[in-house]
Amino acid sequence: MTLLLPVLAGVLFAGGTYLVLTRALARILVGLALLAHGANLLLLSAGGRAGAPAFIGEAGAPETAADPLPQALALTAIVITFAVTAFLAALAARAHHLTGSDAVEDDVEDRRVARSTPEGTS
Amino acid sequence: MIPSLALSFFAAAALLAGFGRRLRRTAVWLALAPSVAAAATLLAHAPRVLDGEPVRESISWVPSLGVSLEFSLDGAALAMGLVVSLVGAAILAYTVWYQRDPIPLLGRLNLFAGAMFGLTVSDNLFGLFVFWELTTIVSYSLIAYDDRSPDARKAGVHALFVTALGGLVMLVGFVVLGTEAGTYRISEIAAAPPSGPAVTAALALVLAGVLTKSAQVPFHGWLPAAMAAPTPASAFLHAATMVKAGVFLAIRLAPVAMGNDVWQGVLLTAGIATMAVGGWAALRERDLKRILAYGTVAQLGLLTVLAASEATVAASVALLLAHAGFKAALFMVVGSIDKATGTRDIRELGGLRRTLPGTWVVAVAAAASMAGIPLTLGFVAKEAALDALLAASPAIAAAVAAGAVLTVAYTTRILGVFWGPERTAPSSSPAPGMTAAAALLAAAGVAFGIAPGPVEALSGSAARAAGAAAVALPAWPGPKPALWLSLGSLAAGWLAALLPIGPRRGTAAASAAFDATVDGVLGFARRATAVLQNGSLPVYLAVILATVVAVPGAALVTAAASPAGLVPAESWLQAAVGAAAAAAAVGLLALRNRLGAILLLGVVGYGMAGLFALQGAPDLALTQVLVETVTLVVFALVLGRLPERFDRPARPAVGAPIRVALALAVGVFVTGAMLSAAAGRADAPVSEAYLERSLDEGYGRNVVNVILTDFRALDTFGEIAVVATAAIGVAGLAAGIRGRSER
């Protein structure tokens, strides 16, 4: 296994985490994209060292074929990430269209509950 | 036969609830029938049971799990069952005249009687628990019977809280006890009692149920509050039967528990404290019903003390029977006075001897038994208890005698309403049926006081079932130390009644403590909600991520490992592509220009494609290029609508230092977790089989494709569903935006 892939995944996760903790909707989107890339890298690196593409020629599978299963899982993940990212992007655009702001605001109801708690009991 | 008796109570309750009003007078007979049938059946079985031959029955319920409904009628169950059926019958008869619209109350009392009867004859810990909690629930509905009164509802909740919580703790104890014993059948546990630290823990948990149900200090507050119930319910549940369930369980478990120091210590301590607290509080009350309630608390304390030691088990059963009779009768007396005069305050009552003569006679007879005057069952039982205690533990005997002084004092206070000048004149006299029902119980107390033979047999049989010795219950013990102690406490109590002990001001401490506990829990819940559910999405995320780092991260630190054959990178090219992607990702953090962000995100995405290709995954690389391109188009479209630059929000939800620290921690955790997971690989990859079977079974040479469309086709189907759902969502959202813009 190569050290590069897990380390790069760590970098992507760190960057993604930093971005999703902000309030700007656009930065959260970018952060999610980074997190998704990191996750895909993790899947891929679980397959071990690099190898030949897992194609079966006339002589059978190559001796050094890369593990095909993590590739299949990562492929599924890439497509799903794309679908979810597109949906979130549309949601962000809609939210901005309605509110004119791209900040993730606190939930009004929860703030109200928190404020209604007086000091002391009941 | 035995389970059908419990069922008949439930059936009567159901019939009364469904057709009670249409049946009119027949409903009364229907309400009384199960009690009479139960009493008759128990009496028919009595000779065998008293000979030491318990009647055992078992109904297989879930045979594959070994769960069956088990019932046993031994001495203790017979004694308690007779109380439930006979005292119950008298109280039900009293209810017919006492309550304006008796049918609903009769129904619920029958429901309770069924549950209590089931508890009494249950021979299985789980069965006993189910009936135990059923009595708790019915007790709640009876205390809060006047559902328009806030006080009654509050008292009901108080009782429900305390006793149901105790019951749940007890259930845990039952499970431990049953596991240790290898059986949940009480008679089998009693035959071969387990021991050890686990059993001590189990008994400590069971004590929670015993102490809450029998209203022992510090849980006693619910019982005086429960006086909000209709008087027949108070007489039945909160004097004669339900509150005895704790003591009854203590007697039932005696073979396992009696030798246990924790069990005995807690029961003795709680019992003596309860005697003192209850007796003193009764003297400070001015409401007849509450005096009786605190008196019951004190008597339950005495019963608990007696149930704790082998020498006094027989006496505790005798006193349990005596108490059920005289306390139920006294509650009925108070109900009659309340109904006739409209008040229960002893300061407003006097001279009732002349205006309510029948009630007076009953009250004197019942009170004599409560105070322990010779020739009553109360005297016989207390005498036996003192006699046994003087031999075993004089200190406890002294405590019991002191408790008796308080009992005599508040009994004198109660009887005071019949003497002296007349204060509140009765507007009516109680129905003869009410007086007759109370008179039956009071008379029984006197009759068994003169001829205690049946009680002696019953208590002896119960004691033997509990592994203790029977004791003689003579009507007149002769000049013995116990007698002098008894007579001394009578005299002292009569004098104590003359002491000017003032009424209590404000609410009782136990009640206030319960209120404070409930308020504290609710207040804590509100504050916790305000802190944890503060409505900020970034804060929630930060909490979740911090948990990920802290909990699995801690495990990772202890079990970190490095996989074999680790190389820094496959090639210089891979290292270069990886470094470029990493640099672009780091650059994204600082960049606030949206176009630049899109470009850098593109660098990361295409970098991924390059890494995939170098890893030997051309399909992945192709897909990534395709998806990345479309994603960039989407981002360009969406971000084009958002502000030119990412605004700095006025107040970040999570401060920058925390964000940086959390981001670094997550990054390190992910890398470490990946390396450790790779090091943990023990088996050959499953994909070796895929490589072999791909061509033969999937008819494809591209193994990744065959996996997606054949071996793991269901995954792909799910993926398509996600994409389709997201597409519908995007279409809907986009349509909304367009529609707004055009308007």
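For clarity, every value in this text was computed on a predicted model and none was experimentally measured. When reading the values below, keep in mind they use all heavy atoms of this one structure, side chains included, and skip hydrogens, waters and symmetry mates. Numbers restart at 1 for each chain; the letters A, B, ... are given by sequence-line order, proteins then strands.
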Test item: [X] side-chain N/O and [Y] main-chain N/O as donor-acceptor pair under 3.5 Å:
X       : Y        : answer
A/Thr2  : B/Pro568 : no
A/Gln71 : B/Val704 : no
A/Arg23 : B/Pro538 : no

Quick one: are [X] and [Y] in side-chain contact, heavy atoms under 4.5 Å?
X        : Y        : value
A/Leu34  : B/Val604 : yes
A/Leu69  : B/Arg712 : yes
B/Glu688 : A/Asp67  : no
A/Val79  : B/Ile720 : no
B/Val723 : A/Phe87  : no
A/Leu41  : B/Met608 : yes
B/Gln615 : A/Ser45  : no
A/Thr17  : B/Arg659 : no

Taking all heavy atoms of [X] and all of [Y], pick out the closest pair and write down the distance.
X        : Y        : answer
B/Ala582 : A/Leu8   : CB-CD1, 3.6 Å
A/Ala83  : B/Ala726 : O-CB, 3.5 Å
B/Thr671 : A/Gly10  : OG1-CA, 3.3 Å
B/Val634 : A/Ala89  : CG1-CB, 3.9 Å
B/Arg681 : A/Ala46  : NH1-O, 3.6 Å
B/Leu691 : A/Ala54  : CD2-CB, 4.1 Å

Counting only non-hydrogen atoms closer than 4.5 Å, does [X] touch chain A with its backbone (N, CA, C, O), its side chain (CB onward), both, or neither?
X        : result
B/Leu626 : neither
B/Phe669 : neither
B/Ile707 : side chain
B/Phe524 : neither
B/Val586 : side chain
B/Val686 : side chain
B/Glu692 : neither
B/Leu589 : both
B/Thr529 : side chain

Legend entry - Geometric cation-pi criterion B/Arg701 and A/Phe55, 6.0 Å radius, 45° cone: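 Pair B/Arg701/A/Phe55 does not count as cation-pi.
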For chain B, find which of [options] contributes the most heavy-atom pairs closer than 4.5 angstrom.
options                            : value
A/Leu44, A/Leu5, A/Leu19           : A/Leu44
A/Ala95, A/Ala74, A/Gly38, A/Ala77 : A/Ala74
A/Thr81, A/Thr76, A/Thr85, A/Val20 : A/Thr76
A/Val11, A/Ile28, A/Ile80, A/Asn40 : A/Ile80

Legend entry - Region of A/Ala72 in contact with chain B, defined by heavy-atom distances below 4.5 Å: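 Contact with chain B is through both the backbone and side chain of A/Ala72.
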Legend entry - Heavy-atom proximity to chain B below 4.5 Å, by part of A/Leu73: side chain
Quick check on the interface: out of [options], who has the most heavy-atom pairs with chain A under 4.5 Å?
options                                : result
B/Leu545, B/Leu601, B/Thr725           : B/Leu601
B/Asn534, B/Leu664, B/Leu537, B/Leu695 : B/Asn534
B/Ile658, B/Val722, B/Leu708           : B/Leu708

Legend entry - side-chain contact (heavy atoms from CB on, under 4.5 Å) between B/Phe612 and A/Leu75, worked out: CA-CA 11 Å; B/Phe612 293 159; A/Leu75 212 151; over 6 Å; no
